[in-house]
Amino acid sequence: MQNLSVRHLLGIKGLTQHDIKLIFETADNFKTVINRPIKKVPSLRDTTIANIFFENSTRTKLSFELAQKRLSADVVNFSAASSSVSKGETLIDTVNNILAMKVDMVVMRHPNPGAALFLAKHVHVPIINAGDGAHEHPTQALLDAFSIREKLGTVKGKKVVIVGDIMHSRVALSNILCLKLLGAEVKVCGPTTLIPKYIESLGVTIEHDLRKALAWCDVANMLRIQLERQDIKYFPSLREYTMMHGLTKSLLDSLPKEIVVMHPGPINRGVEISSDVADAKQSIILDQVENGVAIRMAVLYLLAGQQGA
Ligand code: CP
């Protein structure tokens, strides 16, 4: 079995092209498995995985849990809201208590950037970052790039525009790092106030005009405005945001060529994307969700394999 170059999946930063190729090839095999009548393999039998979520999630939490069950792992779920965190217990104490119950791997979502790295430095089992604040969301970027590869045959040379709240989005940063590593051309589009000043140092270009950005691209990844991470008003109103940066069916239909439309979810229908675009034939939003299970199976399997877990 081939190995990843990392012991934990903390971000796309730190992965090599070879790591991503290996994850994709492993996910190809697992995608076949989850489309069979019997969707389970015994690969992680006797491995116990804890999913610890300090922030809300629908897709990522369910997708990891399904991936673990398809691999025959034993799964425990921890939600901060119903835990002793509210009584003042620290992150390290919480996780060490979970590990004392003989857990082999931890999947964690946390509102603080760097929380997964911090944990990886203090515990002895593999950590998978399921989103740490506005920093990284590596499995989302992997499933997004995998979905582009599936739809267009390759990621290399494809033109991808990421639209919206680039400043507060862990999906944006992880996608940029992953797509650039795989040889895509990447542009970001959004209001000036939601594009961080450092963004061009990542090798991406900026286009504030949505129509021009869409006319340039092969793929548009539409992001949600992360109001929960915004401490000030970055634009006058959601209505104005939608007028300037929302993707509508008439705009999509007016483009010179057909593009692929993506969204990591959760969608705010009628804000960054209209309902008819979310459900249009160009949209691969539900393919992304399906591919998320195969990608997470691949990541869990590869990390467990090299730990002898
Ligand atoms: N895409 C994503 O991370 O969705 P959730 O917040 O529902 O997990």
Side-chain angles (χ1 to χ4, degrees), residues 9-13 23 27 49-70 75 77-82 106-116 127-148 150-151 160 162-179 188 190 194 219-230 247 260-269 271-273 277-279 283-300:
L9 181 63
L10 304 178
I12 298 295
K13 189 162 183 238
I23 292 168
I49 305 175
N51 298 315
I52 62 175
F53 278 66
F54 292 87
E55 215 185 52
N56 293 342
S57 168
T58 299
R59 278 146 294 273
T60 311
K61 191 163 182 289
L62 276 176
S63 180
F64 266 114
E65 192 173 341
L66 261 179
Q68 292 151 0
K69 288 181 171 166
R70 301 281 189 244
V75 181
N77 288 307
F78 166 93
S79 160
S82 57
V106 170
V107 175
M108 182 174 76
R109 171 168 287 190
H110 199 281
N112 293 348
I127 305 295
I128 299 177
N129 180 7
D132 59 334
H135 181 222
E136 281 229 41
H137 192 351
T139 54
Q140 180 70 46
L142 290 166
L143 75 88
D144 288 344
F146 183 85
S147 301
I148 294 172
E150 182 179 74
K151 184 74 184 172
V160 182
I162 305 172
V163 183
D165 186 357
I166 311 299
M167 171 96 83
H168 301 97
S169 171
R170 54 193 173 212
V171 175
L173 179 60
S174 289
N175 260 264
I176 289 168
L177 297 175
C178 188
L179 293 167
V188 293
L194 289 177
V219 179
N221 196 352
M222 306 303 297
L223 303 183
R224 179 176 69 87
I225 295 292
Q226 310 230 340
L227 290 172
E228 74 277 20
R229 294 192 210 286
Q230 298 184 5
L247 180 52
V260 176
V261 177
M262 303 177 71
H263 195 304
I267 298 174
N268 286 146
R269 287 176 183 256
V271 181
E272 69 275 7
I273 188 168
V277 173
D279 302 328
S283 161
I284 60 164
I285 294 171
L286 292 179
D287 301 292
Q288 291 172 258
V289 177
E290 181 183 342
N291 288 334
V293 178
I295 282 288
R296 289 175 176 122
M297 286 174 81
V299 167
L300 291 161

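Just so you know, ligand 1 is whichever comes first in the structure, and atom 1 is the first atom listed for that ligand. Throughout, residue positions are numbered sequentially from 1 according to the sequence presented.
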**Q** Answer yes or no: is there a side-chain heavy-atom contact under 4.5 Å between Asn175 and Val160?
**A**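 Counting from C-beta outward, Asn175 and Val160 never come under 4.5 Å.
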
**Q** Mind checking what makes side-chain contact (heavy atoms from CB on, under 4.5 Å) contact with Ser57, not counting sequence neighbours?
**A**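 Partners of Ser57 under the side-chain contact (heavy atoms from CB on, under 4.5 Å) test: Phe53, Thr60, Lys61, Arg109.
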
**Q** Sequence neighbours excluded, which residues qualify as salt bridge (charged side-chain N to carboxylate O under 4.0 Å, His left out) partners of Glu150?
**A**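 Scan of Glu150 (salt bridge (charged side-chain N to carboxylate O under 4.0 Å, His left out), adjacent residues dropped) gives Lys31.
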
**Q** Does any donor atom in the side chain of Asn51 or Glu65 lie under 3.5 Å from an acceptor atom in the other side chain?
**A**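 No, no side-chain donor-acceptor pair sits under 3.5 Å.
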
**Q** With sequence neighbours excluded, tell me which residues meet side-chain contact (heavy atoms from CB on, under 4.5 Å) with Asn129.
**A**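 Asn129 satisfies side-chain contact (heavy atoms from CB on, under 4.5 Å) with Ala116, Asp132, Glu136, Pro138 only.
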
**Q** Looking at Asn56, I'd like to know if its CG atom is crowded, meaning that more than 12 non-hydrogen atoms belonging to other residues, nucleotides or ligands lie closer than 6.0 Å.
**A**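 Open.
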
**Q** Students should find this: residues with any non-hydrogen atom under 4.0 Å from ligand 1. What is the answer?
**A**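 Residues Ser57, Thr58, Arg59, Thr60, Arg109, His137, Gln140, Pro264, Gly265 each place a heavy atom under 4.0 Å from ligand 1, listed by chain and number.
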
